[in-house]
Participant: 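Below: one structure in structure tokens.
Note that the structure is a prediction, hence the values are computed from the model and not measured.
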Amino acid sequence: QVTLVESGGDSVQTGGSLRLSCVASGVTNSANCMGWIRQAPGKEREGVTAIYLGDGTTHYRDSVMGRFTISHDKTKNTVYLQMNNLKPEDTAMYYCTAGPRFPLCMMGTKSESPYWGQGTQVTVSS
């Protein structure tokens, strides 16, 4: 069973930075892809980014390209999301996800994102 535990969410001002962490346990070939999905109050959830654990290939949604960086530390079984130049529209609950196919684990569907963490809140004030 795959277990994901996020941390690192906080409140920051526009232009600030945060680093989210997701510690994974029980990861097998059923979770070759790990990603981040976010959901703001009253809005649809949206995939933010994903990383293929095999070779580190990454994928980002357009609105975070150049500001966010996903990375994977194999020795710590941890995926990081470095978020720079944060904007108020980045405010959301951020969830770590894992699934079998890259980059589809950032889609949030039951088949492509079967494993979720509990979420960590990011708030960006103007």
Participant: Enumerate the salt bridge (Lys or Arg N to Asp or Glu O under 4.0 Å) contacts for residues 91-104, please, sequence neighbours excluded, ordered by first and then second residue.
Facilitator: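 As it turns out, the salt bridge (Lys or Arg N to Asp or Glu O under 4.0 Å) pairs with a partner in residues 91-104, which skip direct neighbours, are Arg101-Glu112.
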Participant: Any chance you could measure Thr123, atom OG1, to Asp10, atom CG, to the nearest 0.5 Å?
Facilitator: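 The distance works out to 8.5 Å.
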Participant: Using side-chain heavy atoms (C-beta onward) and a distance below 4.5 Å, is Thr14 in contact with Leu86?
Facilitator: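 Not touching, per the 4.5 Å side-chain cut-off.
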Participant: List in chain and number order the residues that pass side-chain hydrogen bond (donor to acceptor under 3.5 Å, both in side chains) with Asp90, two or more places apart in sequence or in another chain; answer none if no residue qualifies.
Facilitator: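 With sequence neighbours excluded, Asp90 shows a side-chain hydrogen bond (donor to acceptor under 3.5 Å, both in side chains) to Arg38, Arg67, given in chain and number order.
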Participant: Is Tyr115 reachable from Val79 through a run of I, L, V, M, F, W or Y residues, each pair having side-chain heavy atoms under 4.5 Å apart?
Facilitator: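 Same hydrophobic cluster.
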Participant: Between Thr91 and Val122, is the side chain to side chain contact (heavy atoms under 4.5 Å, CB included) condition met? List the steps.
Facilitator: CA-CA 5 Å; Thr91 295; Val122 172; 5.9 Å; no
Participant: Apart from Tyr95 itself, what residues make up its hydrophobic cluster when side-chain heavy atoms of I, L, V, M, F, W and Y under 4.5 Å apart count as a link, directly or indirectly?
Facilitator: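 Joined to Tyr95, directly or through intermediates: Ile37, Met93, Trp116.
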Participant: Could I get the full list of salt bridge (Lys or Arg N to Asp or Glu O under 4.0 Å) partners for Glu6, not counting sequence neighbours?
Facilitator: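 Partners of Glu6 under the salt bridge (Lys or Arg N to Asp or Glu O under 4.0 Å) test: none.
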Participant: What is the distance from atom CZ of Arg61 to atom OG1 of Thr49, rounded to the nearest 0.5 Å?
Facilitator: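 If we round to the nearest 0.5 Å, Arg61:CZ and Thr49:OG1 are 10.5 Å apart.
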Participant: Kindly indicate whether the side chain of Leu4, heavy atoms from C-beta on, has any atom under 4.5 Å from the side chain of Gln118.
Facilitator: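 The answer is no; the side chains never approach within 4.5 Å.
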Participant: From Glu46 CD over to Ser63 OG, what is the distance, rounded to the nearest 0.5 angstrom?
Facilitator: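 Answer rounded to 0.5 Å: 6.0 Å.
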Participant: Can you see which heavy atom on Gly8 is nearest to which on Leu18, and at what distance?
Facilitator: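 Scanning both residues, the minimum pair turns out to be O-CD2, 3.9 Å.
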Participant: Arg19: what forms a side-chain hydrogen bond (donor to acceptor under 3.5 Å, both in side chains) with it, not counting sequence neighbours?
Facilitator: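 Not a single residue meets the side-chain hydrogen bond (donor to acceptor under 3.5 Å, both in side chains) criterion with Arg19.
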Participant: Kindly say whether Lys110 contributes a backbone atom to a donor-acceptor pair with the side chain of Ser113 at under 3.5 angstrom?
Facilitator: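 Judged by distance alone, no pair lies under 3.5 Å.
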Participant: Who are the side-chain hydrogen bond (donor to acceptor under 3.5 Å, both in side chains) partners of Thr75, not counting sequence neighbours?
Facilitator: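 Thr75 satisfies side-chain hydrogen bond (donor to acceptor under 3.5 Å, both in side chains) with Asp73 once adjacent residues are dropped.
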Participant: Please check if Ile70 and Tyr94 belong to a single hydrophobic cluster, counting links between Ile, Leu, Val, Met, Phe, Trp and Tyr side chain heavy atoms closer than 4.5 Å.
Facilitator: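 Per the 4.5 Å side-chain linkage, Ile70 and Tyr94 are co-clustered.
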Participant: Nearest 0.5 Å please: distance from the CG atom of Asn32 over to the CD1 atom of Ile51.
Facilitator: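 Atom-to-atom, Asn32:CG and Ile51:CD1 are 12.0 Å apart.
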Participant: My understanding is that a hydrophobic cluster links ILVMFWY residues whose side chain heavy atoms are under 4.5 Å apart, including indirect links. Using that, what else belongs to the cluster containing Tyr80?
Facilitator: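 Grouped by the 4.5 Å side-chain rule, Tyr80 forms a cluster of one, so the answer is none.
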Participant: Identify whether Val48 and Met34 are in the same connected component of the hydrophobic contact network (ILVMFWY, side-chain heavy atoms under 4.5 Å).
Facilitator: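 In one cluster with Val48: Met34, yes.
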Participant: Can a donor-acceptor pair be found, under 3.5 Å and without considering hydrogens, that links the side chain of Ser21 to the backbone of Ser7?
Facilitator: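 Judged by distance alone, no pair lies under 3.5 Å.
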Participant: Measure the shortest side-chain to side-chain distance between Glu44 and Gln39 over non-hydrogen atoms and say whether it is less than 4.5 angstrom.
Facilitator: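 No, too far: nothing below the 4.5 Å cut-off.
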Participant: Measuring only between side-chain heavy atoms, which start at C-beta, is Leu20 closer than 4.5 Å to Thr120?
Facilitator: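 Side-chain contact under 4.5 Å: yes.
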Participant: With ILVMFWY side chains joined below 4.5 Å, transitively, what does Tyr52's cluster contain besides itself?
Facilitator: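 Grouped by the 4.5 Å side-chain rule, Phe102 form the rest of the cluster around Tyr52.
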Participant: side-chain hydrogen bond (donor to acceptor under 3.5 Å, both in side chains) with Thr3: which residues, sequence neighbours excluded?
Facilitator: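 None.
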Participant: Per the ring-ring contact (aromatic ring centres under 6.0 Å, His included) rule, what does the pair list look like for residues 8-35, sequence neighbours excluded?
Facilitator: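 Qualifying pairs: none.
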Participant: Taking side chain to side chain contact (heavy atoms under 4.5 Å, CB included) as the test, write out the residues that go with Pro114, two or more places apart.
Facilitator: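 With sequence neighbours excluded, Pro114 shows a side chain to side chain contact (heavy atoms under 4.5 Å, CB included) to Pro100, given in chain and number order.
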Participant: Is there a path of hydrophobic side-chain contacts, each under 4.5 Å between heavy atoms, that joins Val124 and Trp36?
Facilitator: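 Val124 clusters together with Trp36.
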Participant: Which disulfide (SG to SG under 2.5 Å) pairs, counting each pair once, include a residue from residues 22-71, with sequence neighbours left out?
Facilitator: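 Only Cys22-Cys96, Cys33-Cys105 qualify under disulfide (SG to SG under 2.5 Å).
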Participant: How far does CE of Met65 sit from OH of Tyr60, to the nearest 0.5 angstrom?
Facilitator: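 Taking CE in Met65 and OH in Tyr60, the distance rounds to 8.5 Å.
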Participant: Would the number of heavy atoms belonging to other residues, nucleotides or ligands and lying under 6.0 Å from CD of Gln82 be above 12?
Facilitator: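 It does: Gln82 CD has more than 12 such atoms within range.
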Participant: Has the side chain of Ser17 got a donor or acceptor atom that lies under 3.5 Å from a matching backbone atom of Asn84?
Facilitator: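 Not confirmed, Ser17 side chain does not pair with Asn84 backbone.
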